[in-house]
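What follows is a single structure, written as C-alpha cells, with notes after it.
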Amino acid sequence: MWNEIAKQISQAIGQPFTVETRRSVSGGCINQGYAIADGQRTYFVKVNTASQVEMFAAEALGLKQMYETQSIRVPQPLTWGVAGNSSYIVMEWLEFGRGDHTSWEKMGQNLAAMHRYQRATKFGWDCNNTIGSTPQVNDWTENWADFFTEHRIGFQLRLAKRRGGGFPDLGTVLDAVRDRLGDWQPQPSLVHGDLWSGNAACTVQGEPVILDPATYWGDREVDLAMTELFGGFPAPFYRGYNQAWPLDAGYQERKNLYNIYHILNHFNLFGGGYGSQANRMLQKIL
Ligand code: ADP
C-alpha cells in the first residue's frame, strides 16, 4: 500500500517520493492517521477500508473548495484513492501548536471571510459526503427550510428511530423544524459543516486552520452553532467573527435547532446519553 501511495504522491508533486519514515498520528475519530516522510518532505495520510474511498474523495473536494476561497487555512489535499484493501487521502502536513488569543480572533475573522464566499444559488453540494462516518445528503434545494428539515434533521432522525431511543413522531418533528425556520432564507455560504473544537487548530506559527470538513453550501450559522457544542471555542473567536460579520439576531433561536442535527448524529454514531440529549432538544421545538 505505501509504495502505491508514494507513487501517487510522486505523480502529484512531479518529483520522486519514497516513504522513508512513517509514524501513527492519534486524535482521529474515524480513520487511521499517519505522518510519512522521505527526509525532506512530510505528508499527512488518513487510511480506511477500500469501501470508504468516496468519503476521502469528498473530503479532498471539500478541502480544495475551501482552499480556493483563500480565506482560511486548510490542509491542501494532494491525492486520494485505493491501494490494496485500503483507501487513503494524502494532504499537506501541518505542525500544530498552541494558538493565543490573536490566533483565535483571526480564526473567527477568517471563518467569516470563508462564509462570505457565496457562489451558489441553492443549498446543497456537488456530491454527498459524510459527517463523522454517517452519510450526509446534499441534494441541491432552493429553500433553506426544506433543505435543513429534510436532508439534515429528517435524515438523522430516521436513522435514530431505527436504533430505538424513543424519539417523537417524525412528521411532527419535521413540521416543527420547518415551522421554526419559517421563511428564513440566508444566502448559501460555503460552510465547514463539522466545526467542533477537534477540527480547529493553530499552526506553530499561530495561523488558524480548520480541517476534516463536511462541506456544503448552507446557512453560515450552522458552523457557529456547532462551535458552541462539545467544549466550545475560546471567546476571542466569537469576537473576531462578530467584528468581521455580525450574526443575525435570530441566530440564538436557530442555534439549538441546528445543533439537534449533530446530537442526533452523535447518537447514531456513539449511542448512549446522546439519545436523551437529542430528545430534550427536540422537546424544546415541539
Ligand atoms: P478523522 O477523520 O479520523 O477524524 P482528523 O482529520 O480529525 O481525522 O485528524 C486526526 C488528527 O490528526 C487531528 O486531530 C490532528 O491532530 C492530526 N492532523 C489532521 N490533519 C493534519 C495535517 N494536515 N497535518 C498534521 N496533522 C494533522
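Heavy-atom basis, side chains included; hydrogens, waters and symmetry copies ignored. Note that ligands are numbered from 1 as they come in the structure, with each ligand's atoms numbered from 1 the same way.
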Please list all pairs meeting ring-ring contact (aromatic ring centres under 6.0 Å, His included) that have one or both residues in residues 4-33, counting only residues at least two apart or in different chains.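 Of all non-adjacent pairs touching residues 4-33, those that pass ring-ring contact (aromatic ring centres under 6.0 Å, His included) are F17-Y43.
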For a distance cut-off of 3.5 Å, show me each N or O of ligand 1 paired with any protein N or O, plus the separation.
| from | atom 1 | to | atom 2 | distance (Å) |
| --- | --- | --- | --- | --- |
| ligand 1 | 2 (O) | N31 | ND2 | 2.9 |
| ligand 1 | 2 (O) | K46 | NZ | 2.8 |
| ligand 1 | 2 (O) | D212 | OD1 | 3.4 |
| ligand 1 | 2 (O) | D212 | OD2 | 3.3 |
| ligand 1 | 3 (O) | C29 | N | 3.3 |
| ligand 1 | 3 (O) | I30 | N | 3.1 |
| ligand 1 | 3 (O) | N31 | N | 2.8 |
| ligand 1 | 3 (O) | N31 | ND2 | 3.4 |
| ligand 1 | 4 (O) | C29 | N | 3.1 |
| ligand 1 | 4 (O) | D212 | OD2 | 3.0 |
| ligand 1 | 6 (O) | K46 | NZ | 2.7 |
| ligand 1 | 7 (O) | D212 | OD2 | 3.2 |
| ligand 1 | 23 (N) | E92 | O | 2.9 |
| ligand 1 | 24 (N) | L94 | N | 2.9 |
| ligand 1 | 24 (N) | L94 | O | 3.4 |

Are M1 and M55 connected in a single hydrophobic cluster, I mean Ile/Leu/Val/Met/Phe/Trp/Tyr linked by side-chain heavy atoms less than 4.5 Å apart?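 No, M55 and M1 fall in different hydrophobic clusters.
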For E221 and K255, what are the C-alpha separation, side-chain angles and deciding distance, and is it a salt bridge (charged side-chain N to carboxylate O under 4.0 Å, His left out)? CA-CA 7 Å; E221 291 177 0; K255 187 170 78 180; over 6 Å; no
Determine the interplanar angle of the Y274 and F270 rings, folded into 0 to 90°, and report it as parallel if under 30°, tilted if 30 to 60°, perpendicular if over 60°.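 Rings of Y274 and F270: tilted, as their planes differ by 30° to 60°.
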Salt bridge or not for E150 and R158, using N-O below 4.0 Å?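 Judged by the 4.0 Å cut-off on N to carboxylate O distance, E150 and R158 do form a salt bridge.
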Geometric cation-pi criterion, R152 with F155: 6.0 Å, 45°: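 Not flagged: R152 not positioned over aromatic ring of F155.
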